[in-house]
Amino acid sequence: MAEDLSIIQGDKIAAYKSIIPQIKALVDGEPDQVANLANTVAALKEQFGWFWVGFYLVKGDELVLAPFQGPVACTRIKKGRGVCGSSWAEARTLIVPDVEAFPGHIACSSLSKSEIVVPVIRNGQVIGVLDVDSEHLNYFDETDQQFLEELIAGLDFAV
């Protein structure tokens with residue numbers, strides 16, 4: 001539960017090293033995907049205070065909004081559109097220092113300035129993405145990529 005999280009201030013690496021095992025403990029043994037995704041994004045939002053963090057899941061030819069924390073969001077995203085759709089199409093993590101400079105960026109909120117999107121790949125296919133937005137330019141880096149990819153790799157997803 002959120003009140004049981006140990007939130008680390010300051011060093012980003014220490015924060016990730018603290019929160020990832022806590023997230024894994026939160027979801028361990030829980031078979032419900034929605035509950036696990038919800039707790040994952042809530043824990044990340046609590047630890048890092050990001051503007052927006054959430055999942056989109058592949059349903060047919062679209063990404064569909066799944067559990068998230070932050071302001072209301074775009075509900076459906078086509079493959080190849082925006083940062084999330086591009087991460088899905090390319091099956092790789094995308095770090096965008098300035099979303100205004102990203103061709104085809106989908107502006108769900110004008111307050112979002114930078115973004116990282118990590119694909120969830122299972123059995124060789126992208127089944128969803130973790131999307132994180134910041135209200136600050138150039139906010140995400142390779143440290144975020146490394147630890148968010150580690151987190152995603154360690155979570156169970158219904159395929």
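Counting from 1, the numbers follow the sequence of the chain as shown.
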Go through the steps for Y139 and I116 under the test side chain to side chain contact (heavy atoms under 4.5 Å, CB included), then give the verdict. CA-CA 9 Å; Y139 192 79; I116 184 170; over 6 Å; no
In sequence, state the C-alpha distance, the side-chain angles, and the governing distance for I19 and L5, and then conclude on side chain to side chain contact (heavy atoms under 4.5 Å, CB included). CA-CA 8 Å; I19 202 67; L5 290 177; 4.1 Å; yes
Determine the minimum heavy-atom distance between [X] and [Y], stating which atoms define it.
X    : Y    : value
G54  : V41  : CA-CG1, 3.6 Å
I95  : P97  : O-CD, 3.6 Å
W50  : L148 : CH2-CD2, 4.2 Å
S86  : L94  : CB-CD1, 3.7 Å
D131 : Y56  : OD2-CE1, 4.0 Å

Taking V126 as the starting point, is it possible to reach V96 by hopping between hydrophobic residues whose side chains are less than 4.5 Å apart?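 Linked, V96 and V126 end up in one cluster.
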If hydrophobic clusters are built from ILVMFWY residues whose side chains come within less than 4.5 Å, do V64 and V34 share one?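 Different clusters.
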Are side-chain heavy atoms of [X] and [Y] found at a separation under 4.5 Å?
X    : Y    : value
F147 : I13  : yes
I77  : V129 : no
I23  : L44  : yes
K12  : D141 : yes
S134 : V132 : no
T40  : V27  : yes
V118 : D144 : no

Quick check for you: to the nearest 0.5 Å, what is the distance between [X] atom [atom1] and [Y] atom [atom2]?
X   : Y    : atom1 : atom2 : result
R76 : C84  : CZ    : SG    : 14.5 Å
S6  : Q47  : OG    : CD    : 8.0 Å
W88 : I127 : CH2   : CD1   : 12.0 Å
S18 : Q9   : OG    : CD    : 10.5 Å

Check: F48 ring centre within less than 6.0 Å of Y16 ring centre: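 Yes: the rings meet the under 6.0 Å criterion.
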Derivation of the side chain to side chain contact (heavy atoms under 4.5 Å, CB included) call for I152 and R122: CA-CA 10 Å; I152 294 302; R122 297 296 185 269; 4.3 Å; yes
Check: [Y] main-chain N/O paired with [X] side-chain donor or acceptor under 3.5 Å:
X    : Y    : answer
S114 : H136 : yes
K78  : L63  : no
E115 : V99  : no
K113 : N138 : no

So, using side-chain hydrogen bond (donor to acceptor under 3.5 Å, both in side chains) as the criterion, who are the partners of E149 when residues are at least two apart?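 Once residues adjacent in sequence are excluded, the partners of E149 under the side-chain hydrogen bond (donor to acceptor under 3.5 Å, both in side chains) criterion are T93, Q145.
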List in chain and number order the residues that pass side-chain hydrogen bond (donor to acceptor under 3.5 Å, both in side chains) with N36, two or more places apart in sequence or in another chain; answer none if no residue qualifies.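 Result, side-chain hydrogen bond (donor to acceptor under 3.5 Å, both in side chains) vs N36: none returned.
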Where do L155 and V120 land on the side chain to side chain contact (heavy atoms under 4.5 Å, CB included) test, with the steps shown first? CA-CA 9 Å; L155 293 178; V120 178; over 6 Å; no
For residues 23-32, which residue pairs pass the side-chain hydrogen bond (donor to acceptor under 3.5 Å, both in side chains) check, not counting sequence neighbours?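 Qualifying pairs: none.
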